[in-house]
Amino acid sequence: MRALACERAAGGTAILWATQRIEELPGFAERVTVLDRGSVRFAGSVTALVAVAGEQRHVLRFGSGWGRRREELAIALGGTGVLEPVQGGDADHAVLALAPGAELGAAIAALHAAGAEILSCRDERPAVERAFLALTGERAA
């Protein structure tokens with residue numbers, strides 16, 4: 001269905017795609033309307049929706065022993081972000097909350113330069129989902 005919708009849209013047909021799976025919007029939709037309890041909460045481009053998302057948060061998985069150096073790594077981040085513990089107390093992971101305007105690459109480079117072994121990095125929650133939650137006031141499950 002998605003391929004057919006894209007084919008028709010490329011031919012000039014207007015397509016209305018209703019979904020509850022907001023993660024499928026980037027790369028597919030040009031414009032989006034967020035409805036909440038019968039009211040329009042947002043109407044605009046996917047890029048504008050993502051801008052509503054607020055701070056970028058990434059889950060980092062560190063190599064062993066990073067927890068003993070937490071203060072040193074916090075200093076190394078400078079103004080690029082803050083390391084926060086992961087819910088549930090997972091000792092190998094932390095959440096990196098980026099400061100407004102800061103780039104993920106700069107924060108990772110600062111942590112690496114301070115000797116942190118970063119094994120993986122992923123979005124805590126996709127930007128479109130953060131935007132939806134910000135617009136609707138819903139809490140994450």
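Along the sequence shown, residues are numbered consecutively beginning with 1. Every heavy atom of this structure was used, including side-chain atoms; hydrogens, water molecules and symmetry mates were not.
Atom CZ of Arg70 and atom CD1 of Ile75 lie 13.5 Å apart (nearest 0.5 Å). From Arg130, atom CZ reaches atom CG of Leu49 across 10.5 Å, with rounding to the nearest 0.5 Å. Distance check: Leu83 CG to Leu77 CG gives 5.0 Å after rounding to the nearest 0.5 Å.
Legend: residues meeting salt bridge (charged side-chain N to carboxylate O under 4.0 Å, His left out) with Arg69, ordered by chain and number and at least two apart, are Glu72. Every side-chain contact (heavy atoms from CB on, under 4.5 Å) that Arg41 has, sequence neighbours left out, goes to Val34, Asp36, Leu135.
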Determine all donor-acceptor pairs shorter than 3.5 Å in which one atom belongs to a side chain in residues 101-123; sequence neighbours excluded.
residue	atom	partner	partner atom	Å
Asp123	OD1	His58	ND1	3.0

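Counting side-chain heavy-atom gaps under 4.5 Å among Ile, Leu, Val, Met, Phe, Trp and Tyr, Leu16 is found in no cluster with other residues.
Residues Leu98 and Val82 fall into different hydrophobic clusters, defined by Ile, Leu, Val, Met, Phe, Trp and Tyr side chains chained together at heavy-atom separations under 4.5 Å.
Contact record, Val32 with Ser45: CG1-O, 4.2 Å, taken as the closest heavy-atom pair. The nearest pair of heavy atoms linking Phe62 to Ala94 is CE1-CB, 3.9 Å.
Pairs passing the side-chain hydrogen bond (donor to acceptor under 3.5 Å, both in side chains) check and including a residue from residues 75-85, sequence neighbours excluded, read Arg57-Glu84. Applying the side-chain hydrogen bond (donor to acceptor under 3.5 Å, both in side chains) definition to pairs two or more places apart or across chains, none involves residues 3-13.
Counting heavy atoms from C-beta outward, Trp17 and Met1 have side chains that approach closer than 4.5 Å. Looking at heavy atoms from C-beta onward, Val40 lies in side-chain contact with Leu35 at the 4.5 angstrom threshold.
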